[in-house]
Number of protein chains: 4
Amino acid sequence: MQKLKEEVRRAILNAALKSFKEQGYAAASMRKIAQDAGIAAGNIYRYYSGKEQLLDAIIGPVFEKCAAYMDEYRRMLDVPLAKERNKKQYFDMVRDTMVGLFKLHSSEFMILLNRSEGTRYEHVKNELMLFVEKILVDEFRLVRGNREHYSGQDGALASMLAGTLVEGLSRIIRDHTDTVTIEMLIDRLLDVYNTGIAFVIEDMRGIERL
Amino acid sequence: MQKLKEEVRRAILNAALKSFKEQGYAAASMRKIAQDAGIAAGNIYRYYSGKEQLLDAIIGPVFEKCAAYMDEYRRMLDVPLAKERNKKQYFDMVRDTMVGLFKLHSSEFMILLNRSEGTRYEHVKNELMLFVEKILVDEFRLVRGNREHYSGQDGALASMLAGTLVEGLSRIIRDHTDTVTIEMLIDRLLDVYNTGIAFVIEDMRGIERL
Amino acid sequence: MQKLKEEVRRAILNAALKSFKEQGYAAASMRKIAQDAGIAAGNIYRYYSGKEQLLDAIIGPVFEKCAAYMDEYRRMLDVPLAKERNKKQYFDMVRDTMVGLFKLHSSEFMILLNRSEGTRYEHVKNELMLFVEKILVDEFRLVRGNREHYSGQDGALASMLAGTLVEGLSRIIRDHTDTVTIEMLIDRLLDVYNTGIAFVIEDMRGIERL
Amino acid sequence: MQKLKEEVRRAILNAALKSFKEQGYAAASMRKIAQDAGIAAGNIYRYYSGKEQLLDAIIGPVFEKCAAYMDEYRRMLDVPLAKERNKKQYFDMVRDTMVGLFKLHSSEFMILLNRSEGTRYEHVKNELMLFVEKILVDEFRLVRGNREHYSGQDGALASMLAGTLVEGLSRIIRDHTDTVTIEMLIDRLLDVYNTGIAFVIEDMRGIERL
DNA sequence: GATGAATGAGCATTCATTCAT
DNA sequence: AATGAATGAATGCTCATTCAT
């Protein structure tokens with residue numbers, strides 16, 4: 001019952017994707033992946049030279065893309081944004097890019113962000129959150145003005161909101177495969193965070209005014 | 001160096017809590033737990049009959065409480081809520097209960113929700129989400145009225161919002177230990193979701209009116 | 001790219017010879033041998049039914065020759081050698097035969113003697129040594145005369161000298177490929193052992209005379 | 001059937017010594033060693049953290065000693081030796097030291113020199129041979145004088161004689177355990193090489209004189 | 001005849017669990 | 001009650017061998 005090479009490669013990737021997604025990289029078993037792929041354990045190594053390389057094959061490309069975009073956008077953040085209008089454009093661009101990536105590689109992103117403990121990718125989620133956090137912190141500082149009210153509390157708040165937002169996006173791509181639904185849900189989640197964060201900022205402004 | 005039984009039990013629980021929290025159930029090592037507890041590996045088994053039972057001892061009580069509340073509140077949901085006033089009261093009650101639990105047993109909850117993969121608790125987070133989802137769905141149905149506009153899309157939306165909210169709460173208790181900060185962050189996150197969901201509902205209403 | 005059978009067989013043998021020589025039987029890899037031979041791994045099994053049989057094909061003939069000579073010469077040893085002159089002739093004959101074999105099949109001999117661990121040939125080196133030992137023992141007994149001075153010590157000495165000599169010859173064919181150099185080194189080594197053993201025997205005679 | 005720790009450690013070391021000696025480091029199996037030691041495979045790792053460390057425990061100390069002596073004696077070689085008398089003393093010292101080491105740690109030496117392929121010790125035998133070779137080459141150069149007759153042939157000869165001598169010593173300690181016998185055999189082997197090499201040198205002189 | 005994908009037993013190593021002390 | 005040595009099944013991985021093509 002010999003199979004075509006590409007077919008087996010697909011089977012391995014699918015099985016690995018499933019195992020990594022469900023159990024995480026460390027807990028996933030090469031034997032189980034082989035079993036799910038319908039092949040003998042040793043045969044995986046004809047296609048991928050090890051467990052780590054199998055992970056690379058799955059999330060490497062997505063990681064590269066993501067890292068490239070983050071680098072670019074981080075550089076743009078350092079250039080002072082003169083007008084509100086620019087800021088809105090920046091936000092939309094970041095959102096569209098990320099949402100685009102999320103929709104295109106949802107499972108891979110999910111593993112990259114949530115199931116990579118113990119690999120060289122384990123810091124990625126944190127970096128993404130720090131990036132979102134940076135945007136929020138900038139926003140908060142603007143509100144606080146020069147009145148030195150920005151505090152560790154604000155930092156924890158920005159970190160939490162960034163974290164939960166990224167986590168929320170991860171969840172959406174984890175739980176859905178239909179891109180129309182994913183797009184709708186991401187839009188809604190961003191609506192919630194936009195409105196909610198606006199409210200929180202308004203609240204800050206109120207306190208500042210006192 | 002005979003030790004009092006209760007002292008050792010405490011040491012084991014503390015060490016296990018730490019390990020489970022930091023590495024998750026599967027990746028935690030009984031040897032390391034014993035070492036951290038200052039006892040021999042084999043001695044754990046005098047107190048707990050295995051790794052799974054040790055987990056039970058830690059999150060079982062919290063799980064029971066949580067399950068009990070959820071049962072109760074779910075039953076209350078089935079009774080039609082006559083007035084808006086009641087609904088507000090219900091929301092506040094649920095929120096206060098959950099937040100109370102979260103704050104009281106943050107570490108245990110964190111393990112229950114985020115580090116229980118591969119155990120019989122791995123479904124709990126999902127159940128909690130389903131519960132929150134139910135509340136949101138009821139809300140959405142009310143908006144849609146009898147005009148049969150409630151759809152699968154609304155269901156996915158409720159599920160997503162519930163999921164990300166619970167996940168967000170989990171993250172807060174995962175990343176912080178100071179109860180004042182935890183309370184602040186939970187309040188802020190609920191603010192965001194309240195405001196945001198109100199906006200989303202308003203949006204639905206607008207569409208319905210057309 | 002259809003190949004002639006004999007051509008492939010040659011390629012396999014050459015590649016196997018190389019691998020066995022460099023890494024020893026156990027550590028040699030059938031994959032590597034196939035690769036070096038320019039054929040697919042599985043194809044080796046059309047020509048040789050397994051790793052062990054491949055070894056047989058390489059060193060079997062040399063082993064047979066060597067064993068045949070040793071049998072013959074051993075039988076000759078049992079016939080009492082009347083005169084010194086005969087003995088000298090016998091020695092020279094043995095030496096010439098062995099050196100001839102060594103030079104003709106140096107690689108195969110090298111594998112047979114040094115790289116056959118874990119196969120049915122691993123005892124051969126020892127047998128060859130026992131043969132040389134037998135010659136030396138006879139010599140020693142002659143020196144000791146009928147005075148019953150021949151002892152276990154003499155046996156150990158004969159065994160050691162035989163062993164180190166054979167080992168030395170093995171090393172020469174292991175480390176060199178140029179037949180002129182091999183011949184020179186073998187001659188020199190035999191010079192050393194001839195002179196040295198003569199000295200040892202002279203020493204024995206001296207002790208006997210006391 | 002719990003055993004005393006030191007007893008098991010001994011059993012492991014003995015079994016490992018046996019396996020390494022018979023099959024070499026690479027081909028030796030931890031399972032087999034455990035079996036021979038009468039314990040479960042995993043239990044070895046309570047005593048030694050891995051295969052390599054098990055080897056270290058066996059030959060590490062011997063290696064250190066040997067390396068220290070070789071360093072010292074190599075330094076002494078670089079200092080010009082004025083008189084023949086000094087040279088004789090030097091030879092005797094080297095011989096006594098090496099023979100002392102050989103007799104004290106015969107099995108360990110045997111593994112160090114003959115069964116360490118694939119480990120960080122695999123170069124040691126070669127270094128020892130190069131050391132002996134250096135001594136021989138010095139001797140040969142002396143004979144050749146300034147007449148530029150020293151050649152690559154002489155180098156191959158020195159290398160071969162050094163190699164076979166060291167190999168011979170290795171064999172003695174591999175095949176015997178009784179120190180009296182070992183001493184006698186080493187003395188005899190050195191006699192053979194001394195006499196033999198003297199003969200070879202005499203031969204060189206003869207050729208030079210022509 | 002030849003290929004190379006596939007198999008499965010073997011390797012070193014880890015770890016929850018057991019049990020003699 | 002406590003120890004920690006011992007077990008054995010599981011892990012990622014390699015390789016001689018088989019077999020569908």
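By convention in this document, chain letters (A, B, ...) are assigned in the order of the sequence lines, proteins followed by strands, and residues within each chain are numbered from 1. It should be emphasised that the depicted structure is a prediction, and the values quoted were computed from it without experimental measurement.
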Indicate whether OP1 or OP2 belonging to [N] is found under 4.0 Å from a side-chain N or O atom of [X].
X        : N      : answer
Arg46(B) : dA1(F) : yes
Tyr47(B) : dA2(F) : yes
Asn43(C) : dT3(E) : yes

### Query
Ala41(B) or Ala41(A): which one's nearest nucleotide on DNA chain F is closer to the 5' end?
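In this pair, the answer is Ala41(B).
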### Query
Mapping Gly42(D) and Gln53(A) to their closest nucleotides on DNA chain F, which lands nearer the 5' end?
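Nearer the 5' end of the strand: Gly42(D).
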### Task
Taking only the side-chain heavy atoms of Lys51(C) (C-beta and beyond), determine which of dA16(F), dT3(F), dA2(E) contains the nearest atom.
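Of the candidates, dA16(F) comes closest.
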### Task
Kindly point out which of dT17(E), dT3(E), dA6(E) is positioned nearest to the side chain of Tyr45(B)?
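Of the options given, the side chain of Tyr45(B) lies nearest dT17(E).
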### Query
If we take the C1' atom in both dG1(E) and dT21(F), what is their distance in whole Å?
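These two C1' atoms come out 13 Å apart once rounded.
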Whole angstrom is fine here: how far is it from [atom1] in [X] over to [atom2] in [N]?
X        : N       : atom1 : atom2 : answer
Glu7(D)  : dT21(E) : CD    : C1'   : 14 Å
Lys32(D) : dA12(E) : NZ    : P     : 12 Å
Ile39(D) : dG8(F)  : CD1   : P     : 12 Å
Leu55(B) : dA16(E) : CG    : C1'   : 15 Å
Gln35(A) : dT11(F) : CD    : C1'   : 14 Å
Lys5(D)  : dT3(F)  : NZ    : P     : 15 Å
Tyr48(B) : dA2(F)  : OH    : P     : 13 Å
Ile44(B) : dA2(F)  : CD1   : C1'   : 13 Å

Minimal non-hydrogen separation, [X] against [Y], with atom names:
X         : Y         : answer
Tyr48(D)  : Arg9(D)   : OH-CG, 3.2 Å
Lys21(A)  : Ser107(A) : NZ-OG, 2.9 Å
Ala28(A)  : Ser19(A)  : CB-CB, 4.1 Å
Leu112(B) : Ser116(B) : O-OG, 3.2 Å

### Partner set under ring pair (Phe, Tyr, Trp, His ring centres under 6.0 Å) for Phe63(B), not counting sequence neighbours
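If we apply the ring pair (Phe, Tyr, Trp, His ring centres under 6.0 Å) test to Phe63(B), skipping adjacent residues, the hits are Tyr121(B).
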### Task
Not counting sequence neighbours, which residues clear ring pair (Phe, Tyr, Trp, His ring centres under 6.0 Å) with Tyr45(A)? List them please.
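None.
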### Task
Using heavy atoms and a sub-4.0 Å distance, could you list which residues of residues 23-31 of chain B are near DNA chain E? By number, please.
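Those residues whose heavy atoms fall under 4.0 Å from DNA chain E, taken from residues 23-31 of chain B in numerical order, are Ala28(B), Ser29(B), Met30(B), Arg31(B).
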### Message
By nearest heavy atom, map Glu52(B) and Ser49(D) onto DNA chain E; which one lands nearer the 5' end?
### Response
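The residue whose closest nucleotide sits nearer the 5' end is Ser49(D).
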### Contacts of Arg171(C) that satisfy salt bridge (Lys or Arg N to Asp or Glu O under 4.0 Å) - sequence neighbours left out
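Counting only residues at least two positions away or on another chain, Arg171(C) forms a salt bridge (Lys or Arg N to Asp or Glu O under 4.0 Å) with Asp175(C), Glu167(D).
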### Query
Side chains of Ile33(C) and Leu54(C): closer than 4.5 Å at any heavy-atom pair?
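When only atoms from C-beta onward are counted, Leu54(C) and Ile33(C) do touch, with a gap below 4.5 Å.
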#### Entry: Contact check, side chains of Met110(C) and Ser170(C), non-hydrogen atoms, under 4.5 Å
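The answer is no; the side chains never approach within 4.5 Å.
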### Query
Pairs counted as Watson-Crick or G-U wobble with both distances under 3.5 Å: what dot-bracket string results for DNA chain F, using | for bases tied to another strand?
.||||||||||||||||||||
#### Entry: side-chain hydrogen bond (donor to acceptor under 3.5 Å, both in side chains) contacts touching residues 23-39 of chain A (sequence neighbours left out)
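Residue pairs passing side-chain hydrogen bond (donor to acceptor under 3.5 Å, both in side chains), neighbours aside: Lys32(A)-Asp36(A).
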